[in-house]
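These notes concern the structure reproduced below.
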Amino acid sequence: MKLLEGKTVLVTGGSTGIGRAAAIGAALHGADVAINYYTRDEDAESCVAEIEALGQRGFALKGDVALPATATEFVAQALERLGKVDVLVSNAGICPFHAFLDMPVDVFERTQQVNMHGAYFMCQAAARQMVEQGHGGAIVAVSSISALVGGEFQTHYTPTKAGVHSLMQSAAIALGRHGIRCNSVLPGTILTEINKDDLADPEKRKYMETRVPLGRLGVPEDLAGPIVFLASDMAAYVTGAALLVDGGMYVNLQ
Ligand code: RM4
């Protein structure tokens with residue numbers, strides 16, 4: 001069963017990791033897909049190739065989500081090239097691990113700008129188009145388990161993930177009257193570029209693995225189903241919600 005047949009899905013940070021898995025997952029479920037990305041040109045091109053190989057239309061647009069113009073241009077291009085905007089997956093994010101007491105201002109500010117400001121601008125731009133279209137829509141934000149718990153080297157990052165989910169809660173209220181649903185997925189520790197260096201430490205990786213009742217760290221494909229579900233009409237009465245996708249890590253105290 002294709003859950004997104006005929007839909008147009010926009011994904012930020014779509015060239016690798018969770019964003020890429022969401023983009024391919026949406027195409028597998030019958031959607032045309034546009035991806036935003038920032039640095040990895042070849043990965044973006046190969047993602048679009050996979051979307052097209054599935055018989056769906058797609059394109060990639062390079063842009064820094066921290067800039068408001070990136071959001072308005074992404075939506076404008078989707079409108080011109082794919083005809084509409086039905087779903088936004090707001091995924092783009094960074095997590096340059098760093099200690100709290102000597103956190104450089106630029107590292108702190110860049111993390112806020114990409115993760116929080118970028119999510120805000122993209123959600124706002126997509127919502128404006130959805131409202132204009134007049135037939136509702138869905139926004140799925142990639143928040144994190146880190147919206148609920150902390151990380152010693154993530155003091156700049158965890159507040160942005162809490163903020164992204166809080167944005168979904170408030171946007172759900174603001175957009176409900178337009179038939180636009182806003183929800184968050186909260187991934188646990190998923191093996192992607194964002195934590196490649198951090199998890200290169202075998203002791204850290206072993207510790208994180210022992211935290212997971214399902215016995216393994218996640219992979220981006222583990223997020224595709226939950227994101228497609230929240231984007232689809234299967235979740236027609238779900239808005240303002242948070243869906244942990246963490247292998248049970250959050251509840252695993254002892
Ligand atoms: C997630 C979670 C993971 C970490 C990534 C970077 O929110 O904290 O453990 O690897 O961020």
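Heads up: numbering here begins at 1 and tracks the sequence. Order of appearance sets the numbers: ligands from 1, and atoms from 1 within every ligand. Computed from a predicted structure; not experimentally measured.
- In the vicinity of Ser146, heavy-atom distances shorter than 4.0 Å reach the ligand 1 atoms 1 (C), 2 (C), 7 (O), 8 (O).
- The distance from ligand 1 to the heavy atoms of Ile194 drops below 4.0 Å at these ligand atoms: 6 (C).
- Close contacts of ligand 1 with Asn195, meaning ligand atoms under 4.0 Å from a residue heavy atom, involve 10 (O).
- If you check the side chains of Thr189 and Arg205, you find no donor sitting under 3.5 Å from an acceptor.
- Note on ligand 1: Asp198 sits outside its first shell, no heavy atom being nearer than 4.0 Å.
- For the 3.5 Å distance criterion, the side chains of Ser184 and His165 qualify, holding a donor opposite an acceptor.
- When the shell of 6.0 Å around CD of Glu5 is examined, it contains more than 12 heavy atoms from other residues, nucleotides or ligands.
- Both Ile24 and Ile18 sit in one connected hydrophobic cluster of ILVMFWY residues. Membership requires side-chain heavy atoms under 4.5 Å apart, directly or through other members.
- In this structure, atom 3 (C) of ligand 1 lies nearest to the protein heavy atom Thr189 OG1, 3.6 Å.
- Between the side chains of Gln77 and Glu73, at least one donor N or O lies within less than 3.5 Å of an accepting N or O.
- The protein heavy atom nearest to atom 11 (O) of ligand 1 is Tyr157 OH, 3.0 Å.
- Here Lys84 pairs with Asp86 in a salt bridge; the nearest charged N to carboxylate O distance falls below 4.0 Å.
- Neither the backbone nor the side chain of Lys161 has any atom closer than 4.0 Å to an atom of ligand 1 (non-hydrogen atoms only).
- Nearest protein heavy-atom neighbour of atom 5 (C) of ligand 1: Gln154 NE2, 4.0 Å.
- In the vicinity of Met208, heavy-atom distances shorter than 4.0 Å reach the ligand 1 atoms 9 (O).
- The closest side-chain donor-acceptor pair between Asn36 and Thr12, if any, does not fall under 3.5 angstrom.
- Under 3.5 Å, the side chains of Glu109 and Gln113 contain no donor-acceptor pair of N or O atoms.
- For ligand 1, the atoms lying closer than 4.0 Å to a non-hydrogen atom of Phe97 are 6 (C).
- Counting atoms of ligand 1 from 1 in the listed order, those under 4.0 Å from a heavy atom of Ser144 are 1 (C), 7 (O).
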